[in-house]
Amino acid sequence: MIRPKEVISTGWNYIKEERNMSVLVYVEQVDGKFKKSVFEAVSYAKAIAAQTGTNLTAIAIGDVAESELQELGKYGAEKILSVNNTELKNFVNQAYAAVVTEAAQKEAADVIVLSNSFSGKGLAPRIAVKLKAGLVDGAIELPKLDGGKFLVKKNAFSGKAFAVTELTSDIKVIALNPNAFGVKENSVSPAIEAFSPAVQSTDLAAIVKEIVRATDKVSLPDAELVVSAGRGLKGPENWGMIEELAGLLGAATACSKPVSDADWRPHSEHVGQTGIAISPNLYIAIGISGAIQHLAGVSSSKVIVVINKDPEAPFFKVADYGIVGDAFEVVPKLIEALKAHQA
Ligand code: FAD
């Protein structure tokens, strides 16, 4: 992996030159398992590697079984660096950023890809600073390699516009929005390599010793299915049917801002411009009007289903499926149908 001197500062033009490059993808694990968003990040990184005629290496940190690491080969990871160190068992921004940076240097990676998840959002800027790299967080498409330029598209202004960013640095860090690219199979047989990074004690200033789950519910930022409700539900006493529907679907629950402001639901469920931005596969919005500030956090969901008694509710304009009806009639019927289906 030698980087010829003469092309060090020529930006992305060096793609055309004869050299070994590599793309590195960070694959986050939860309890030793990879989520769909990880396979999507690997698929995306593989497509960049194919665009640039280079190889893809993945880096996994934590206790992940070899069979799980092998799964990454299905999406094109040719090499997997596995860091299994007790101090790094649980995610900590500072230490994980140091490890991914070291892996990027070891692999002479030109492009580092992460999922724009909770941990990816924390890691990407730290890695970019350490590597003096250009960063695009929340990428939504494959980069365009246009006349030697490296252009990455992302959402801007809460989804009301797109920004196309040119990364002119030699090293580029891209955090991919979940569900923006999709999972694409590209099967290879990966070589798994144990990697022992030389983490400095200063990078281990904070270590997570134990994670105690406060609830068994699906976590909202990572959820693939979300059932969300708004002021149309009238009061907190009516959330039983929302919980039940979410439980039957294996979905997380969310809500609009006024609902959490009124303490009907916890603030951790508030989605939108001033809440959490999510992009699940399915977002079911019940009794939510679809104000622009709400849509800012949910409009990149893959499929949006809206249940609202007002046919003029703005949410219907962005819905893939809409049910005009009273939530107190529609939701119990959905629950009944799901129960019958699952029986
Ligand atoms: P409402 O606007 O009151 O809408 C309730 C909906 O329920 C209506 O469409 C109604 O037709 C329907 N409905 C009523 N009864 C029923 C029934 N029985 N069955 C079916 N449907 C029914 N909002 C957010 O959500 N997230 C944010 O992050 C956010 N950030 C903001 C930031 C700023 C700076 C500002 C100014 C506002 C922000 N808001 C945010 C608030 C936003 O503008 C809206 O006021 C809010 O989203 C409306 O919430 P809602 O749809 O639950 O309530």
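Quick note: numbers below take in every heavy atom, side chains included, and nothing from hydrogens, waters or symmetry partners. Because the structure is predicted, anything quoted here is derived from the model rather than measured. Both counts, for ligands and for their atoms, begin at 1 and track the order of listing.
For the pair Asn179 (side chain) and Lys302 (backbone), a donor-acceptor distance under 3.5 Å is absent.
Residue, atom and distance of the protein heavy atom nearest to atom 4 (O) of ligand 1 are Ser289 CB, 3.4 Å. Among all non-hydrogen protein atoms, the one lying nearest atom 52 (O) of ligand 1 is Ser256 OG, 2.6 Å. Atom 15 (N) of ligand 1 has its closest protein heavy atom at Lys234 NZ, 3.0 Å. In terms of protein heavy atoms, atom 14 (C) of ligand 1 is closest to Gly232 CA, 3.4 Å. Nearest protein heavy-atom contact of atom 21 (N) of ligand 1 is Lys309 N, 3.2 Å. Of the protein's non-hydrogen atoms, the one nearest atom 18 (N) of ligand 1 is Asp326 OD1, 3.1 Å. For atom 30 (N) of ligand 1, the closest non-hydrogen atom of the protein is Thr274 OG1, 2.7 Å. Protein heavy atom closest to atom 43 (O) of ligand 1, with residue, atom name and distance, is Gln293 OE1, 2.8 Å.
Using a non-hydrogen distance threshold of 4.0 Å, Pro258 registers as a contact of ligand 1. A heavy-atom separation below 4.0 Å is found between Asn308 and ligand 1. At least one heavy atom of Gly325 sits under 4.0 Å from some atom of ligand 1. For the pair Val271 and ligand 1, a heavy-atom separation below 4.0 Å is found.
For the residue pair Ser22 / Glu107, no side-chain donor-acceptor distance below 3.5 Å is found, with atom types taken as modelled.
Taking a cut-off of under 4.0 Å to the non-hydrogen atoms of Ala291, the atoms of ligand 1 that pass are 42 (C), 43 (O), 44 (C), 47 (O). Distances below 4.0 Å separate heavy atoms of Asp310 from the following atoms of ligand 1: 11 (O). Heavy-atom contacts of Gly230 reach the following atoms of ligand 1: 52 (O) (cutoff under 4.0 Å). For ligand 1, the atoms closer than 4.0 angstrom to any heavy atom of Gln273 are 27 (C), 28 (O). Using a 4.0 Å cut-off to heavy atoms of Phe328, the atoms of ligand 1 that qualify are 18 (N). When each atom of ligand 1 is checked for a heavy atom of Gly275 under 4.0 Å away, the hits are 28 (O). For ligand 1, the atoms lying closer than 4.0 Å to a non-hydrogen atom of His294 are 24 (C), 25 (O), 26 (N), 47 (O).
The aromatic rings of Tyr283 and His294 sit tilted, their planes meeting at an angle between 30° and 60°.
Considering backbone and side-chain atoms alike, Gly287 places an N or O below 3.5 Å from some N or O of ligand 1. Some N or O of Ala327 is nearer than 3.5 Å to an N or O of ligand 1, by distance alone.
By the 6.0 Å and 45° rule, Lys184 stacks over the aromatic ring of Phe181. Figure legend: Lys46 and Tyr75 shown without cation-pi pairing, the cationic atom not lying both under 6.0 angstrom from the six-membered ring centre and within 45 degrees of its axis.
Around CZ of Phe118, the count of heavy atoms belonging to other residues, nucleotides or ligands within 6.0 Å does not exceed 12. Surrounding NZ of Lys89 are at most 12 heavy atoms belonging to other residues, nucleotides or ligands under 6.0 Å away. Heavy-atom contacts from other residues, nucleotides or ligands closer than 6.0 Å to CD of Glu312 number 12 or fewer. Other residues, nucleotides and ligands place no more than 12 heavy atoms under 6.0 Å from the CD atom of Glu66.
For the pair Leu69 and Ile80, the tightest heavy-atom approach, listed with the atom from each and the gap, is O-CD1, 3.1 Å. Minimum heavy-atom separation, Val259 to Cys255: CG1-CB, 3.6 Å.
Put simply, the side chain of Leu151 does not reach to within 4.5 Å of the side chain of Leu145, judged on heavy atoms.
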